[in-house]
Amino acid sequence: MNDVMFKTPVQEIRLSDTADRMFIKRDDLMGFSFGGNKVRIAWEFFQDMKEKGCDCLVAYGSSRSNMCRALSNLCSRYGIPCYVLTPREDLVEEGTFNSWMVKWFGAHIRFCHKSNVAEGVDKLMAELKSKGYRPYYIFGDRYGKGNEKAAARAYCQAYRELLEYEEDHELHFDRIFLASGTGMTQGGLMAGQRQYGGHARITGISVARPSCRGKSEVARFAEVDPEDVDFEDGYVCGGYGLYDGDIESVIRMMMERFGIPLDPTYTGKAFSGMLKYLKARPHEPENILFIHTGGTPLYFDYLNAVWDRKQAAKEITNNRCTGQ
Ligand SMILES: *Cc1c(COP(=O)(O)O)cnc(C)c1O
């Protein structure tokens, strides 16, 4: 696999109710494992693992995790044993498209408690060492610190692709928006801007965390002051994975009008949040870039859930008819 696999197009879309020009960096269209930010980041962890002479990968994530899918797919591709540590509290009993793929790729699943991930990491690392492996935990030490540079490298590179696009098309982006969770993606973009230049304001739309925590996490990856991080927590919609009718209608509109899948946990929430953010701040027309961070399997999970609801509604209607 090489860099060509990661290069993704920038697409302009025309939204009717705004004077801004709207562009989307289609990181969901990468040539490996459904793409997305986690494929870029997983690739950097994978290289870091090899550089450190390790021979077994330990991932951490929930049943919905795009990261665990991307990592376990890289492991299946290159024949590296893969272990996934999952917080029991976040287990989706019936499974998700990502969790089914993780199993399909042959990864081994281990559980821990969210309140004590460090202990879970220690236990698993000890187990793997006793088996003769040199395990690599993607986030570094037992507290998840130490591999920030590897994680940030992914979107530092992606930022350079954006600069190339700007040069080739003789335009510049005034703002960049993206879904921000752990902060690895936004932190990488900010590191790229520091390294390669540019003035776009980079705004992370939080998918879960309050601004105070979000800013300090992004800052850790970007190596900047938390005060310099633009992290917006006004569109969290009650918490991770939760969504409302506004998010759902944006998802519908984007798929129907442009054929672009968004999911309610990350990209749909962030895109909807971005539109509200811009609307709430009257401004001269700008060039806006949204980074589509992928997560296509979550779009299908969403479709499953919507379908279930539709089925349920239909059954109620049918019962009503037969009851007459
Ligand atoms: C993980 C994820 C994000 C958030 O990225 P972070 O680097 O964790 O901030 C956004 N979108 C999708 C689809 C993701 O899987």
Side-chain angles (χ1 to χ4, degrees), residues 8 24-30 32-45 59-73 90 96-99 101-102 138-139 144 147-159 176-192 202-211 213-222 229-233 235-237 239-241 243 247 251 254 260-274 290-302:
T8 58
I24 304 185
K25 171 85 167 156
R26 296 293 305 274
D27 268 7
D28 56 320
L29 296 181
M30 250 167 244
F32 184 76
S33 199
F34 299 99
N37 61 341
K38 298 312 175 343
V39 170
R40 286 188 196 264
I41 296 168
W43 178 254
E44 293 299 333
F45 282 142
Y60 173 85
S62 73
S63 306
R64 298 176 211 278
S65 171
N66 291 309
M67 174 66 95
C68 292
R69 181 244 315 152
L71 281 166
S72 55
N73 205 355
D90 289 349
T96 67
F97 284 106
N98 277 330
S99 73
M101 282 189 270
V102 165
I138 55 165
F139 292 128
N147 290 353
E148 290 82 359
K149 281 209 160 61
R153 214 174 290 142
Y155 272 81
C156 196
Q157 291 305 314
Y159 184 83
I176 298 173
F177 287 92
L178 74 153
S180 215
T182 64
M184 293 186 286
T185 308
Q186 191 179 351
L189 287 169
M190 291 182 71
I202 301 170
T203 302
I205 303 289
S206 176
V207 300
R209 287 174 177 167
S211 285
R213 170 101 198 274
K215 279 175 194 257
S216 70
E217 287 297 301
V218 172
R220 194 156 69 83
F221 294 101
V229 177
D230 199 18
F231 189 91
E232 180 60 49
D233 68 0
Y235 310 98
V236 166
C237 198
Y240 181 77
Y243 54 93
I247 293 173
I251 291 173
M254 288 296 286
I260 298 176
L262 300 176
D263 76 89
T265 302
Y266 295 106
T267 54
K269 183 177 275 189
F271 198 85
S272 157
M274 171 189 73
F290 179 78
I291 301 190
H292 192 316
T293 42
T296 300
L298 300 182
Y299 170 78
F300 290 104
D301 286 334
Y302 171 65

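Counting convention: from 1, in listed order, for ligands and their atoms alike.
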Colleague: Considering heavy atoms of the protein only, find what lies nearest to atom 7 (O) of ligand 1 and give residue, atom and distance to 0.1 Å.
Modeller: Thr185 OG1, 2.7 Å

Colleague: So which heavy atom in the protein is nearest atom 10 (C) of ligand 1, and how far is it from that ligand atom?
Modeller: Thr293 OG1, 3.3 Å

Colleague: Heavy-atom distances under 4.0 Å are what count here, so tell me which part of Asn66 touches ligand 1: side chain, backbone, both or neither.
Modeller: side chain

Colleague: Quick one: which ligand 1 atoms are inside 4.0 Å of a heavy atom on Ser180?
Modeller: 9 (O)

Colleague: Enumerate the atoms of ligand 1 whose separation from the nearest heavy atom of Gly295 is less than 4.0 angstrom.
Modeller: 13 (C)

Colleague: What's the spacing between Tyr235 OH and Lys269 NZ if we round to 0.5 Å?
Modeller: 13.5 Å

Colleague: Between Arg40 and Asn37, is there a side-chain donor-acceptor contact under 3.5 Å, judged purely by atom types and distance?
Modeller: no

Colleague: Fit a plane to each ring of Tyr302 and Tyr299, take the angle between them on a 0 to 90° scale, and name the class: parallel (under 30°), tilted (30 to 60°) or perpendicular (over 60°).
Modeller: tilted

Colleague: Could you measure the distance from the CH2 atom of Trp43 to the CD atom of Gln157? Nearest 0.5 Å is fine.
Modeller: 13.0 Å

Colleague: Please check: side-chain N/O of Asp301 versus main-chain N/O of Phe97, any donor-acceptor pairing under 3.5 Å?
Modeller: yes

Colleague: Mind checking whether Gly183 has an N or O less than 3.5 Å away from an N or O of ligand 1?
Modeller: yes

Colleague: Considering the heavy atoms of Ala179, write down every atom of ligand 1 situated less than 4.0 Å from one of them.
Modeller: 4 (C), 10 (C)

Colleague: Which protein heavy atom lies closest to atom 8 (O) of ligand 1, and at what distance to 0.1 Å?
Modeller: Thr182 OG1, 2.6 Å

Colleague: In Å and rounded to the nearest 0.5 Å, what is the CD1 to CD distance from Ile138 to Glu44?
Modeller: 13.5 Å

Colleague: What do you reckon, does Tyr266 have a nitrogen or oxygen under 3.5 Å from a nitrogen or oxygen of ligand 1?
Modeller: no

Colleague: Check each heavy atom of Gln186 against ligand 1 and say whether those closer than 4.0 Å belong to the side chain, the backbone, both or neither.
Modeller: neither

Colleague: Cation over ring, Lys25 on Tyr155, under 6.0 Å and within 45°?
Modeller: no

Colleague: Does Phe34 CZ have over 12 foreign heavy atoms under 6.0 Å away?
Modeller: no

Colleague: Is the backbone of Ala208 close enough, under 3.5 Å, to the side chain of Ser206 for a donor and an acceptor to pair up by distance?
Modeller: yes

Colleague: Classify the contact between Asn37 and ligand 1 as side chain, backbone, both or neither, using a heavy-atom distance cut-off of under 4.0 Å.
Modeller: side chain

Colleague: Starting from atom 9 (O) of ligand 1, what is the nearest protein heavy atom, named by residue and atom, and what distance separates them?
Modeller: Gly181 N, 2.6 Å

Colleague: Check for a donor-acceptor pair, side chain of His292 on one end and backbone N or O of Leu262 on the other, with a separation under 3.5 Å.
Modeller: no

Colleague: Near Met184, which atoms of ligand 1 are under 4.0 Å from a heavy atom of that residue?
Modeller: 7 (O), 9 (O)

Colleague: Which of the atoms of ligand 1 are close to Gly294, meaning less than 4.0 Å from one of its heavy atoms?
Modeller: 13 (C)

Colleague: Lys38 versus ligand 1: do any nitrogen or oxygen atoms come within less than 3.5 Å of each other?
Modeller: yes

